[in-house]
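Following: one structure in structure tokens, then a few remarks.
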Amino acid sequence: MLKLIFTGVGGQGIITAGIILAEAAVLEEGRYATQSQSYGAEARGGLTRTDIIISNREVLYPKIEQAHILAILHQRGYTAHTGTLRPGGVLIFDEEAVNVDDKTDARRIPMPILENGRGANITLLGILCALTAAVDPEAVRKILHRRYGEDSANYEAFDRGLSLVSERGLSPLLVGF
Amino acid sequence: MLKLIFTGVGGQGIITAGIILAEAAVLEEGRYATQSQSYGAEARGGLTRTDIIISNREVLYPKIEQAHILAILHQRGYTAHTGTLRPGGVLIFDEEAVNVDDKTDARRIPMPILENGRGANITLLGILCALTAAVDPEAVRKILHRRYGEDSANYEAFDRGLSLVSERGLSPLLVGF
Amino acid sequence: MKDIRFIQGNEACTLGALYAGMDFFAGYPITPSSEIAEMLSGELPPRGHTFIQMEDEIASLCAVIGGSLTGRKAMTATSGPGFSLMQEALGYAVMAEIPCVIVNVMRGGPSTGLPTQVSQGDVNQARWGIHGDHAIIALTAGSHQALFENTVRAFNLAETFRTPVILLYDELIAHMRERLEIPSEGEIPLVERLMTSVPRDVDYRPYLAREDGRLPMSDFGGAHRYNVTGLYHDMWGFPSTDPSVVRGLLSHLVEKIEGRENELTFTREYETEDAETLLISYGSAARTARQTVYEARDKGIRMGLLELETLWPFPERKVRDAVAGVNETVVVEMNLGQVFEQVRRVARSPERVFLANRIDGRFITPPDIRKVLRIIAGKGVWA
Amino acid sequence: MKDIRFIQGNEACTLGALYAGMDFFAGYPITPSSEIAEMLSGELPPRGHTFIQMEDEIASLCAVIGGSLTGRKAMTATSGPGFSLMQEALGYAVMAEIPCVIVNVMRGGPSTGLPTQVSQGDVNQARWGIHGDHAIIALTAGSHQALFENTVRAFNLAETFRTPVILLYDELIAHMRERLEIPSEGEIPLVERLMTSVPRDVDYRPYLAREDGRLPMSDFGGAHRYNVTGLYHDMWGFPSTDPSVVRGLLSHLVEKIEGRENELTFTREYETEDAETLLISYGSAARTARQTVYEARDKGIRMGLLELETLWPFPERKVRDAVAGVNETVVVEMNLGQVFEQVRRVARSPERVFLANRIDGRFITPPDIRKVLRIIAGKGVWA
Amino acid sequence: MNVQNYVRKRFLPHLWCPGCGHGTVLNALLRSVDELGLSKEDIVMVTGIGCSARMAGYVDFHTMHTLHGRALAFATGIKMSRPELNLIVPMGDGDALAIGGNHFIHASRRNLDITAIIMNNHIYGMTGGQFSPLSGPGTTATTAPRGSIDPAFDAMDLAKAAGATYAARTTTFHVRELQKMLTGAISHKGFSVVEVFSQCPTYYGRKNNTGDAPEMLKAFRDETAKIGSKTLDENPELIPRGVFVDRDAVDYGEAYAELCRNAAKEAPRC
Amino acid sequence: MNVQNYVRKRFLPHLWCPGCGHGTVLNALLRSVDELGLSKEDIVMVTGIGCSARMAGYVDFHTMHTLHGRALAFATGIKMSRPELNLIVPMGDGDALAIGGNHFIHASRRNLDITAIIMNNHIYGMTGGQFSPLSGPGTTATTAPRGSIDPAFDAMDLAKAAGATYAARTTTFHVRELQKMLTGAISHKGFSVVEVFSQCPTYYGRKNNTGDAPEMLKAFRDETAKIGSKTLDENPELIPRGVFVDRDAVDYGEAYAELCRNAAKEAPRC
Amino acid sequence: MQIIIKTDWCKSCGICAAFCPTGALSVEPGEKARATDVEACTGCGLCERLCPDLAIEIIKVEVSI
Amino acid sequence: MQIIIKTDWCKSCGICAAFCPTGALSVEPGEKARATDVEACTGCGLCERLCPDLAIEIIKVEVSI
Ligand SMILES: Cc1ncc(C[n+]2csc(CCOP(=O)(O)OP(=O)(O)O)c2C)c(N)n1
Ligand SMILES: Cc1ncc(C[n+]2csc(CCOP(=O)(O)OP(=O)(O)O)c2C)c(N)n1
Ligand code: SF4
Ligand code: SF4
Ligand code: SF4
Ligand code: SF4
Ligand code: SF4
Ligand code: SF4
Ligand SMILES: [Mg+2]
Ligand SMILES: [Mg+2]
């Protein structure tokens with residue numbers, strides 16, 4: 001079972017990213033997954049968070065108290081949700097937008113995610129696929145195809161994520177499952 | 001405890017008559033009374049019925065299954081409600097409008113009540129006062145005064161009822177209480 | 001001199017409301033409650049108080065809430081169909097803690113049902129008609145004298161607990177006429193609104209309870225500017241989704257009522273001291289029950305009556321104790337057993353609690369009760 | 001090939017409705033139910049079926065009733081505030097025996113409450129929101145697969161019993177996405193409307209029940225002309241105040257549902273065979289409960305879960321039997337104990353029934369349940 | 001023809017009071033149905049709650065007696081489901097424009113092919129004579145013992161502003177005009193409204209000293225005038241009768257059918 | 001003057017989306033209040049539910065955030081109780097004219113001295129972009145993916161027909177006009193309505209490809225014209241802006257006060 | 001001309017008599033409507049349309065010479 | 001002329017810059033509004049009225065000669 005939290009602000013597309021990831025696991029890999037998000041008075045333009053759990057059997061409790069992976073695209077997300085990362089977990093964050101302090105017991109992975117503008121959320125997926133065994137990149141590509149057809153921008157954003165990991169010389173992690 | 005039922009059709013004023021009688025008992029004689037009426041789909045222009053119970057102590061159950069006195073101003077009232085008269089009770093009815101058969105075990109008192117047109121309901125009160133110890137005629141007169149002021153038509157109708165009893169040579173009955 | 005009237009129950013309720021100081025009425029006519037609005041349309045204007053006939057029941061209760069918030073003792077009156085429509089606004093009054101009185105004169109339901117006939121079918125709706133958790137106060141009465149008193153009490157409780165209070169009574173009481181002796185001024189004490197002592201320009205917190213649980217108010221539109229909302233809110237009345245605020249507010253709303261069962265248990269007892277058979281009843285049905293008790297006593301049968309005037313919060317302790325002391329209990333009501341279920345719930349031996357009821361639009365009779373008493377070894381019958 | 005989706009609960013409900021043959025939707029948007037209307041506004045027109053956005057929730061349910069009467073499988077969807085507004089029309093559907101499905105996606109109440117947060121506070125309103133005596137069917141679900149199935153079931157029961165069916169689920173289920181495997185055509189049997197066999201021009205009695213209690217219908221506007229009303233009515237649908245008609249109709253309305261508890265008890269059991277501790281839960285809370293059961297089993301604790309999918313009529317027998325076989329029962333829900341009270345009511349040893357709940361708008365967690373289990377010698381806590 | 005062919009004889013004589021104008025509306029409606037040659041099976045009558053609403057019990061059509069103020073919402077559901085039926089929705093003035101006001105304006109806006117009849121007796125008859133939003137200032141009523149201070153709606157103005165495509169007003173005195181308007185309304189494609197001043201001698205009459213039913217009809221005769229007539233020009237204080245709106249506009253049912261046809265051409269979705 | 005004096009600063013920046021017109025309505029309203037020299041204590045703002053309704057949270061008046069569609073009914077209660085207060089009731093288009101339509105027409109009819117503001121973004125903003133009765137045919141919305149077929153109300157026509165004594169329309173582009181109309185409406189004695197076209201870039205804009213907030217404002221500029229202007233005469237397809245109704249009529253509160261005064265002269269009754 | 005009055009439906013409201021242009025009908029207080037002057041009837045049909053109780057039917061009898 | 005922009009309230013919608021008649025303001029994508037040409041400002045007040053976020057205040061500075 002792999003537990004991921006993505007957080008950002010409205011418009012960054014992190015909820016869509018979460019859905020695509022979970023969809024890839026469920027529809028392409030025959031696994032189980034849940035995706036949920038928190039709304040609030042501030043949903044619009046405010047902080048958003050989505051919880052994704054991927055598992056080989058039915059996922060019951062869909063909220064995450066202790067995530068394996070936390071991806072952060074906005075500083076407010078760091079402040080609000082850093083406590084949800086399990087000790088020793090993986091913290092992926094935008095290296096421009098988010099400042100991470102030393103106190104967090106986590107593997108820190110800064111990345112130039114937001115550089116990719118509107119495709120940043122898809123780039124994040126690429127990074128995740130390259131970095132973890134969460135889902136196979138091909139599965140994600142299939143979902144991208146179903147959702148957006150041939151629109152190449154998405155594939156480019158995704159590949160950018162994949163290559164970022166190798167560019168930075170990071171090797172795949174074994175988290176979750 | 002005296003139980004009276006008046007029945008007629010909408011417009012004959014039997015409900016008002018019932019209220020006046022009970023009011024006289026309560027407000028002028030310091031007794032207890034309840035007055036209730038039955039509504040139905042046909043309330044308007046249809047058959048109406050009012051139950052009046054007069055007593056020296058609080059009246060609890062306000063519906064009458066077995067009346068001491070039943071006053072009927074319309075044939076349909078006879079058909080519908082004759083069963084509510086207790087055996088040996090008093091049946092007062094308009095001699096023109098209502099045909100009474102022999103089967104009823106009751107003292108039958110036909111009277112030319114409706115002759116009095118719009119005052120017929122008050123005439124009925126006069127008849128009742130003269131015929132029974134229900135309430136004192138003076139008490140009724142006081143209520144008539146409160147409600148209608150000096151309007152002499154009402155007093156005339158009432159006196160007509162009182163005198164009808166003596167004209168017909170009827171003597172006061174002892175019913176109820 | 002005593003002020004004695006011979007009037008309908010709806011008039012007794014109206015007079016009770018006026019006695020309590022009700023000075024704002026908004027409503028929409030419906031049988032069998034309309035006489036209340038009709039009488040008030042005559043009585044309120046000469047006093048300079050508000051009577052307004054609204055476009056529907058929803059608007060009526062909304063206007064009542066607005067009136068109350070600005071310092072009035074406000075009320076509306078309706079029957080089942082209208083009461084159903086009021087549930088959303090009633091929930092608002094609960095949430096925003098607006099004192100007001102809602103009279104529901106019960107007729108036969110469900111739906112349009114039996115507009116002009118007697119029923120006591122709305123007891124559970126009074127408790128649970130609102131969506132979401134909540135608590136509510138609902139009173140009833142079985143005579144005009146009691147109706148007058150409980151109308152005054154409804155206003156008193158509304159002010160004391162800053163909450164809507166429902167006054168439920170039935171068509172028989174509404175339309176029957178009987179004697180009412182109007183208490184002299186001061187004979188029934190009135191609870192006036194607890195006003196804040198916070199001075200102008202000082203931070204007033206409309207939703208900060210005092211130690212005794214009461215919340216001092218400030219007339220809306222007056223010295224203090226604050227916010228009122230149907231969302232979960234903080235002590236200033238501003239929306240909040242903070243879990244502790246949410247939990248705190250809901251607990252407060254429920255505790256202030258459910259936690260005060262003692263102060264809210266109003267009952268009458270007749271011939272209960274040595275009773276072996278206990279009738280429990282309320283509203284007009286309690287008249288039949290009491291009649292039955294007296295008739296039984298005349299025959300030497302040791303029967304008594306516990307008449308409930310508080311329906312909600314259900315007087316658990318009182319009922320449990322009363323039931324514990326008798327051989328059998330018969331709940332007398334004109335519905336399928338809504339209070340009966342409650343009595344069973346709280347009784348230690350629910351199998352000794354029976355139902356004598358009537359659901360056909362006719363008034364329940366002493367024979368209806370006696371029938372159940374005769375077959376008491378069996379169970380409640382629908383007759 | 002299997003048709004698998006990864007979707008929100010509201011979509012699962014919508015797909016279930018379409019599978020069931022729903023061909024008429026009228027609604028008014030409200031969080032957290034709006035996705036249902038949104039999806040249907042796309043899906044119904046190409047099928048030639050009706051989607052209409054009405055001016056409010058009252059009109060929505062009225063239109064649904066009209067649609068149903070003319071032969072459609074009709075539905076509306078709303079949340080607490082809208083459901084409160086629907087109570088009058090819901091009572092009409094009960095009284096006139098109109099099959100239809102009302103989806104109430106629960107959010108925090110009372111009042112506007114917590115529009116975007118999870119709660120299960122409308123359970124009792126589903127039962128008692130209508131004025132007057134009545135009975136009602138209400139289902140719920142704790143996963144998308146179950147939601148799909150129970151949506152189909154809701155339509156089936158509506159047709160079988162000629163009654164409105166309420167489908168209650170919560171914001172978590174509504175908005176969470178998970179896997180749904182769409183059953184192939186015919187995999188879940190559908191109940192189609194029972195049509196009268198009375199030929200045209202022969203006296204058709206819309207309210208004459210067959211021996212099995214079912215009432216064959218005739219599409220309104222079709223071969224038979226009859227009357228439909230919310231008043232008490234005779235077998236032709238014409239108003240009647242005859243006491244025996246009134247009693248007969250109300251008994252029929254209640255008996256057809258309350259008397260069929262067996263046919264209406266839908267539950268799921270997990271690890272109950274040898275359980276010493278029983279959790280009872282429903283909706284999204286049952287996910288947490290099941291998770292807790294598995295975690296306990298991993299530690300060798302003999303815990304099981306009874307998940308309710310029928311909320312009303314309350315599955316008394318099933319619950320009573322389940323509770324009877326264990327040492328203690330914990331009801332897990334997100335309200336102040338609405339189902340807990342029912343379980344206590346039917347349990348033979350109510351003092352061994354406890355409550356693990358959450359009322360702060362947050363989803364209930366396994367630790368919330370474990371906390372109660374730890375202090376089980378005490379009583380249910382509001383946490 | 002005989003209007004009695006269209007009624008459920010076992011429920012007659014009806015329960016309306018002697019002289020109640022609602023009976024005259026029924027009378028005219030049946031003649032109009034006959035004139036149009038509609039069969040009893042083609043008509044669905046939906047009513048709300050009120051004296052007016054009793055009409056559903058008397059006519060031998062498909063009849064539905066619903067909730068106070070909600071008749072048009074029910075009718076909307078029926079019409080969307082069965083566009084081929086003729087929907088006739090008689091309502092009281094309170095039914096249509098007090099509690100039912102919202103459904104009235106929205107039905108007008110949508111322009112779904114339904115015929116609404118406002119049986120305007122200027123009072124809540126069924127509940128015993130409270131004023132309605134059509135009573136107007138000065139009307140005495142059980143909830144306005146000193147005369148109402150509530151301004152009245154003009155139902156025609158409202159129908160027009162809200163979007164009704166046919167709107168006409170007459171009275172129970174003008175029985176031929178009434179029948180013509182009902183015929184016009186029923187044949188009209190789109191939402192149509194006929195407002196009929198109808199006398200309530202029992203409550204309105206008694207409270208306002210109008211005299212009996214014939215007197216009330218005389219008042220309808222003397223206090224109204226046809227739009228465009230010289231009488232009206234010369235006496236602008238008279239209440240105008242006539243057809244206020246009669247225009248073509250796409251009917252909602254048609255628009256919906258069109259939407260469905262176009263949508264069906266798309267690729268399937270789910 | 002500084003509009004910020006009238007807001008509850010701790011709740012700002014507000015929660016409306018970037019470029020949302022509702023903020024501009026707030027802006028103009030505060031200026032109008034300042035222009036009129038009203039003190040914060042003299043004003044009661046009642047809102048319903050919707051993005052529009054959030055306004056009650058931001059202004060430092062007496063504020064009440066009520067139920068969807070019911071704001072005018074609550075306000076009626078407050079005004080009847082405290083006639084000296086200024087009642088301002090901002091509503092969304094759905095709030096005012098979908099679920100709230102009945103209260104809107106009845107408040108208009110009564111002519112109680114309340115100022116209603118319809119913040120018309122032609123969409124249900126708060127619930128995520130469903131069409132409203134003011135959207136109009138062709139509008140794309142989450143519940144009209146192929147474009148709405150629902151005819152729209154004209155809020156001005158409706159207000160006028162229902163009896164409002166002041167009714168004006170403008171847009172969030174025409175900010176000076178807006179302030180003037182709000183000032184006119186608040187000073188008007190009787191029921192007044194100001195309809196403001198307000199942009200919702202998030203839902204209406206995105207669904208209907210209008211471009212961003214500035215583009216939407218340009219559309220307001222280009223697609224409307226003042227009543228009586230040459231532009232409007234020459235381009236009748238433009239949407240008219242301006243004051244549609246401004247008339248004197250007895251205000252309900254005054255009429256009620258008069259009724260009370262007269263009644264008080266009678267002998268006591270009960 | 002044939003004037004059929006369904007007396008069991010008639011409620012004596014007096015409308016028919018009040019407006020019959022030729023005075024063919026009369027309604028005594030409390031009595032049912034009666035055709036007191038059938039000869040005068042022109043068959044205009046006003047009474048049958050005005051009657052709130054559907055109690056009148058006018059049949060034009062073809063007189064063959 | 002003084003153009004005060006409350007940047008913590010500004011939401012970068014671009015309205016002020018789009019309609020300032022003199023081009024005194026500019027809003028870069030994703031950035032807060034800025035007064036890029038204060039000199040050009042005529043103090044017309046349009047921007048402060050148009051701003052949905054109450055984020056602009058124009059103060060006319062009296063220049064004493
Ligand atoms: C929800 C609801 N509110 C109120 C009523 C009571 N009620 C029944 S009919 C009616 C008004 C009747 O007046 P109108 O609509 O003008 O019809 P009329 O009887 O005058 O023909 C009212 C207020 C009701 N049945 N349901
Ligand atoms: C009784 C009820 N029904 C529905 C809703 C859901 N709801 C909240 S706001 C809203 C409509 C918002 O649109 P509008 O009134 O135009 O205001 P906007 O958000 O566009 O400013 C709806 C349908 C509700 N809160 N209560
Ligand atoms: S009360 Fe009035 S409207 Fe009702 S039936 Fe009688 S006369 Fe007609
Ligand atoms: S959703 Fe639309 S109306 Fe609501 S705040 Fe955003 S832009 Fe404004
Ligand atoms: S109009 Fe009809 S009901 Fe009236 S008197 Fe004539 S026949 Fe009788
Ligand atoms: S048909 Fe004409 S003339 Fe003949 S009785 Fe009737 S109203 Fe008189
Ligand atoms: S208009 Fe206001 S919110 Fe928008 S960019 Fe300019 S200063 Fe910022
Ligand atoms: S005040 Fe006028 S000129 Fe100056 S910045 Fe604002 S809009 Fe431009
Ligand atoms: Mg009427
Ligand atoms: Mg809007």
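In what follows, chains are A, B, ... by sequence order, proteins preceding strands, each numbered from 1. Every value quoted in this text rests on a predicted model; they were computed, and no experiment measured them.
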Is chain D contacted by the side chain of [X], its backbone, both, or neither, given a heavy-atom distance below 4.5 Å?
X: E:Arg261; value: neither
X: E:Tyr256; value: side chain
X: E:Lys40; value: both

Indicate the ring-plane relationship of [X] and [Y], choosing parallel, tilted or perpendicular according to the 30° and 60° boundaries.
X: D:Tyr204; Y: D:Tyr226; result: perpendicular
X: D:Phe51; Y: D:Phe25; result: parallel
X: E:Tyr58; Y: E:His14; result: tilted

So do the side chains of [X] and [Y] get within less than 4.5 Å of each other, counting heavy atoms only?
X: D:Ile7; Y: D:Arg177; result: no
X: D:Thr151; Y: D:Leu15; result: no
X: D:Asp234; Y: D:Arg205; result: no
X: E:His68; Y: E:Asp95; result: yes
X: D:Val94; Y: D:Pro164; result: yes
X: E:Leu26; Y: E:Leu30; result: yes

Heavy-atom contact with chain E under 4.5 Å, split by part of [X]:
X: D:Leu231; answer: side chain
X: D:Asp3; answer: neither
X: D:Ala89; answer: both

| message | With a 4.0 Å cut-off on N to O distance, would you call D:Lys73 and D:Asp23 a salt bridge? | response |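 Result for this pair is no, no salt bridge flagged.
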Just so I understand: if I count every heavy-atom pair under 4.5 Å between each of [options] and chain D, which residue has the most?
options: E:Thr76, E:Leu72, E:Thr66; answer: E:Thr66
options: E:Gly57, E:Ala71, E:Ala264, E:Ser81; answer: E:Ser81
options: E:Arg110, E:Lys265, E:Arg70; answer: E:Arg110
options: E:Leu259, E:Val44, E:Leu67, E:Asn262; answer: E:Leu67

| In terms of side-chain heavy atoms, does E:Ser52 have a donor or acceptor partner in E:His22 at a distance below 3.5 Å? |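 No, E:His22 and E:Ser52 have no side-chain donor paired with an acceptor closer than 3.5 Å.
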Chain E contacts, top residue of [options] (heavy-atom pairs, under 4.5 Å):
options: D:Gly222, D:Gly71, D:Ala96, D:Gly91; value: D:Gly222
options: D:Glu11, D:Glu88, D:His49; value: D:Glu88
options: D:Ser68, D:Gly221, D:Gly237; value: D:Gly221
options: D:Leu69, D:Ile182, D:Ile58; value: D:Ile58

| Looking only at heavy atoms, which of residues 159-167 of chain E get nearer than 4.5 Å to chain D? |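 Listed by number: none.
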| said: Taking salt bridge (Lys or Arg N to Asp or Glu O under 4.0 Å) as the cut-off, I'd like each qualifying pair that reaches into residues 4-28 of chain E, sequence neighbours left out, listed once. | reply: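 As it turns out, the salt bridge (Lys or Arg N to Asp or Glu O under 4.0 Å) pairs with a partner in residues 4-28 of chain E, which skip direct neighbours, are E:Arg8-E:Asp60.
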| field | D:Phe220 six-ring face occupied by E:Arg82 cation (under 6.0 Å, within 45°) | value |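 Checked: cation-pi criterion not met.
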